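These figures come from a predicted structure and were not determined experimentally. Heads up: numbering here begins at 1 and tracks the sequence. Both backbone and side-chain heavy atoms feed into the values below; hydrogens, waters and symmetry mates do not.
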Amino acid sequence: RRWLRKGLETVYTFIIEMIWSKDIILERYLNSIEMGQGVFGVEAASQYYFKKSAKNLSKSEAAWIACILPNPK
């Protein structure tokens with residue numbers, strides 16, 4: 001069963017990389033990951049933790065958000 005899943009993930013990854021650029025893949029990932037209890041995406045994390053837009057974060061604030069990424073669920 002694991003081999004089947006890994007095979008499907010490989011095919012799915014290949015298709016995604018053929019269609020989307022690396023920038024789009026990273027954007028989709030960063031806008032969908034959980035960064036706290038019920039906080040999904042970088043913009044939501046920025047609003048939740050710093051009460052401002054992600055585009056207005058300082059370098060240290062952006063680094064802090066990057067450090068709080070949990071293990072994938």
Side-chain angles (χ1 to χ4, degrees):
R1 193 166 174 177
R2 282 182 162 192
W3 288 105
L4 176 62
R5 181 176 175 192
K6 291 295 180 187
L8 292 173
E9 287 175 356
T10 301
V11 171
Y12 185 63
T13 300
F14 179 75
I15 292 170
I16 287 174
E17 288 184 354
M18 294 293 295
I19 296 170
W20 290 344
S21 69
K22 297 291 184 191
D23 290 339
I24 297 295
I25 294 169
L26 182 61
E27 178 185 339
R28 302 289 169 126
Y29 173 72
L30 291 175
N31 285 320
S32 64
I33 55 175
E34 186 174 9
M35 296 187 159
Q37 188 68 31
V39 179
F40 292 89
V42 173
E43 184 64 31
S46 177
Q47 294 291 336
Y48 182 79
Y49 294 113
F50 299 110
K51 310 292 188 253
K52 58 183 169 180
S53 175
K55 67 181 179 180
N56 296 325
L57 292 176
S58 68
K59 289 180 182 179
S60 63
E61 291 167 337
W64 188 87
I65 288 178
C67 290
I68 64 169
L69 291 173
N71 292 330
K73 294 182 179 178

Check: Taking a hydrophobic cluster as the set of Ile, Leu, Val, Met, Phe, Trp and Tyr residues connected by side-chain heavy atoms closer than 4.5 Å, whether directly or through intermediates, do Tyr12 and Trp20 fall within one such cluster?
Finding: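 Yes, same cluster.
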
Margin query: According to a hydrophobic-cluster definition based on side-chain heavy atoms being under 4.5 Å apart (Ile, Leu, Val, Met, Phe, Trp, Tyr only), do Val11 and Ile25 belong together?
Written below: yes

Starting at [atom1] of [X], measure out to [atom2] of [Y] and round the result to the nearest 0.5 Å.
| X | Y | atom1 | atom2 | result |
| --- | --- | --- | --- | --- |
| Glu9 | Leu4 | CD | CG | 10.0 Å |
| Trp64 | Phe50 | CH2 | CZ | 5.5 Å |
| Ile33 | Ile68 | CD1 | CD1 | 8.5 Å |
| Ile19 | Phe14 | CD1 | CZ | 10.0 Å |
| Thr10 | Trp3 | OG1 | CH2 | 10.0 Å |
| Lys51 | Asn56 | NZ | CG | 15.0 Å |

Next item on the list: Specify the closest pair of heavy atoms between Gly41 and Met35, including all atoms of both residues, with the distance to one decimal.
Entry: O-SD, 3.7 Å

Next item on the list: For the pair Ser46 (side chain) and Val42 (backbone), establish whether a donor and an acceptor sit closer than 3.5 Å, ignoring hydrogens and angles.
Entry: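 Absent.
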
Check: Taking the side chain from Ser58 and the backbone from Glu61, do they hold a donor-acceptor pair closer than 3.5 Å?
Finding: yes

Check: What do you reckon, is OH of Tyr48 surrounded by more than 12 foreign heavy atoms closer than 6.0 Å?
Finding: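 No, because the 6.0 Å sphere around OH of Tyr48 holds 12 heavy atoms or fewer from other groups.
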
Note to self: Restricting to salt bridge (charged side-chain N to carboxylate O under 4.0 Å, His left out), what partner residues turn up for Lys22, sequence neighbours left out?
What the structure shows: Glu17

